[in-house]
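Notes follow the structure.
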Amino acid sequence: MTSSFIAIKGNFFDKANEIFEIFKYVDTNQDKQFNDWQEFNDYLFDNYFELANKETAIRGIWSDNGWTIINDPEMVDTVDDEALIGLSRVLDTDIITFLIQTTSNSFGFTVYNDNIKRQFFVSDGEVTDNSGFPLEQENGLNINENIFSDDILELAGKFGIDLEGKNKLTYTVKQLAYNDEMKKELEQFKQQKQETIDDNKPWWKFW
């Protein structure tokens, strides 16, 4: 199970373009809408990898109970501290991210508002990040090396954030292109990766 969410306090669905611009995307205005939670998730996870290879990102977004929530199947924007801090300043609100990756036994959450207020992350049973003061909502949960999916989902629930599609809603999938800055960064990354591969070649393969 892999789940990666960005929850923004307030109804900012109508500012989706501005939100995604912070993450260096351009909305292509090719939205898809789903009324079924499972179909929505299946579409995201069945298509994000192939589209990413074509320099296109897909993200789910919806509003519920006073929160705007983004489903990030790539687990990329959810860990972009710089963009999330910037977004919290632009919107002047709280942002909470939630990560669940059962294959690698990785779980975490971060609270942003002008900066990082609270951050907790466990990978393979080891606490790798634990900063800021514990939240009131953490009481009674395993916010330690024993954390699991249920703890993250319950923590979100204590904030009034539904990450399990319990409510009947319309879920939107945005198809996003990379802006020029993102394209340049990706090209630099590809070049660095190729240079690393070349540097690690055995001597008999240098021709």
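Residues take their numbers from the sequence shown, with the count starting at 1.
- When all heavy atoms of N71 and P73 are compared, the closest pair comes out as O-CD, 3.2 Å.
- Side-chain atoms of S88 come within 3.5 Å of backbone atoms of D114 as a donor-acceptor pair (strictly under, hydrogens ignored).
- Around atom CG of D14, more than 12 heavy atoms belonging to other residues, nucleotides or ligands sit under 6.0 Å away.
- The minimum heavy-atom distance between V173 and F34, with the atom names listed, is CG2-CE1, 3.7 Å.
- At least one donor-acceptor pair closer than 3.5 Å links the side chain of D151 to the backbone N or O of N142.
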Let's go through N65 and D162 carefully: what are the C-alpha distance in whole Å and the side-chain angles of both, what is the deciding distance for side chain to side chain donor-acceptor pair (under 3.5 Å) to 0.1 Å, and is it a yes or a no?
CA-CA 9 Å; N65 197 30; D162 172 25; over 6 Å; no

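- There is no path of hydrophobic side-chain contacts, each under 4.5 Å, that joins Y178 to V26.
- To the nearest 0.5 angstrom, N17 atom CG is 8.5 Å from L176 atom CG.
- For E74, the side chain to side chain donor-acceptor pair (under 3.5 Å) partners two or more places apart in sequence, or in a different chain, are R59.
- In this structure, the side chains of F121 and S106 come closer than 4.5 Å at one or more pairs of heavy atoms.
- Counting heavy atoms from C-beta on, the side chains of F109 and Q137 never come closer than 4.5 Å.
- A donor-acceptor pair is defined here as one N or O able to donate and one able to accept, closer than 3.5 Å; no such pair exists between the side chain of N41 and the backbone of Q38.
- Screening D92, T93, I85, L87 against R89 for a side-chain contact (heavy atoms from CB on, under 4.5 Å) leaves a single residue, I85.
- Residues passing the side chain to side chain contact (heavy atoms under 4.5 Å, CB included) test with T78, sequence neighbours excluded: S4, I6, D72, T97, L99.
- Closest approach of S63 to T68, counting heavy atoms only: OG-OG1, 3.4 Å.
- For the side-chain contact (heavy atoms from CB on, under 4.5 Å) with F120, the qualifying choice from I152, D129, I147, T110 is I147, the only one to do so.
- Within the model, atoms CG of D81 and CD of Q119 stand 5.5 Å from one another, a figure rounded to the nearest 0.5 Å.
- For the pair E138 and L155, the minimum side-chain heavy-atom distance is below 4.5 Å.
- Aromatic ring pairs are classed by plane angle as parallel below 30°, tilted from 30° to 60° and perpendicular above 60°; the pair F159 and W67 is perpendicular.
- L141 has its side chain within reach of E154: a pair of non-hydrogen atoms, C-beta onward, lies under 4.5 Å apart.
- Taking hydrophobic clusters as Ile, Leu, Val, Met, Phe, Trp and Tyr residues chained together by side-chain heavy-atom distances below 4.5 Å, M75 shares a cluster with V79.
- Residues R118 and N130 have side chains in contact (heavy-atom distance under 4.5 Å, counting atoms from C-beta outward).
- In terms of heavy atoms, K174 sits closest to A16 at CE-CB, 4.0 Å.
- Between the side chain of K24 and the backbone N or O of A83 there is no donor-acceptor pair closer than 3.5 Å.
- Aromatic ring orientation, Y48 versus F45: perpendicular (interplanar angle above 60°, classes split at 30° and 60°).
- At a threshold of 4.5 Å between side-chain heavy atoms, the hydrophobic network of Ile, Leu, Val, Met, Phe, Trp and Tyr places L44 and V76 in two separate groups.
- Grouped with F133 in a hydrophobic cluster is no other residue, since no side-chain heavy-atom contact under 4.5 Å to another Ile, Leu, Val, Met, Phe, Trp or Tyr is found.
- Between atom CG of residue D64 and atom OG1 of residue T170 there is a gap of 11.0 Å, rounded to the nearest 0.5 Å.
- Rounded to the nearest 0.5 angstrom, L153 CG and F148 CZ are separated by 10.0 Å.
- In this structure, N144 contributes its side chain and N146 its backbone to a donor-acceptor pair below 3.5 Å.
- Heavy atoms of other residues, nucleotides or ligands lying less than 6.0 angstrom from NZ of K15 number 12 at most.
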T172 and D31: CA distance, side-chain angles, deciding distance, side chain to side chain donor-acceptor pair (under 3.5 Å) verdict:
CA-CA 7 Å; T172 300; D31 295 359; 5.6 Å; no

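- When all heavy atoms of I19 and F23 are compared, the pair lying nearest together is O-CD1, 3.4 Å.
- Counted within 6.0 Å of CD on E164, heavy atoms from surrounding residues, nucleotides or ligands total more than 12; the atom is thus considered enclosed.
- Note that CD1 of I95 is 12.5 Å distant from NZ of K117, once rounded to the nearest 0.5 Å.
- Shortest non-hydrogen contact noted between T28 and A177 is CG2-N, 3.7 Å.
- Counting only heavy atoms from C-beta outward, the side chains of I100 and F5 never approach each other to under 4.5 Å.
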D77 vs Y25, test: side chain to side chain donor-acceptor pair (under 3.5 Å). Steps then yes/no.
CA-CA 11 Å; D77 303 331; Y25 301 121; 2.9 Å; yes

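- Note that the NZ atom of K32 and the CZ atom of F40 stand 13.5 Å from one another [nearest 0.5 Å].
- Ring geometry for W37 versus W62: interplanar angle over 60°, hence perpendicular rather than tilted (30 to 60°).
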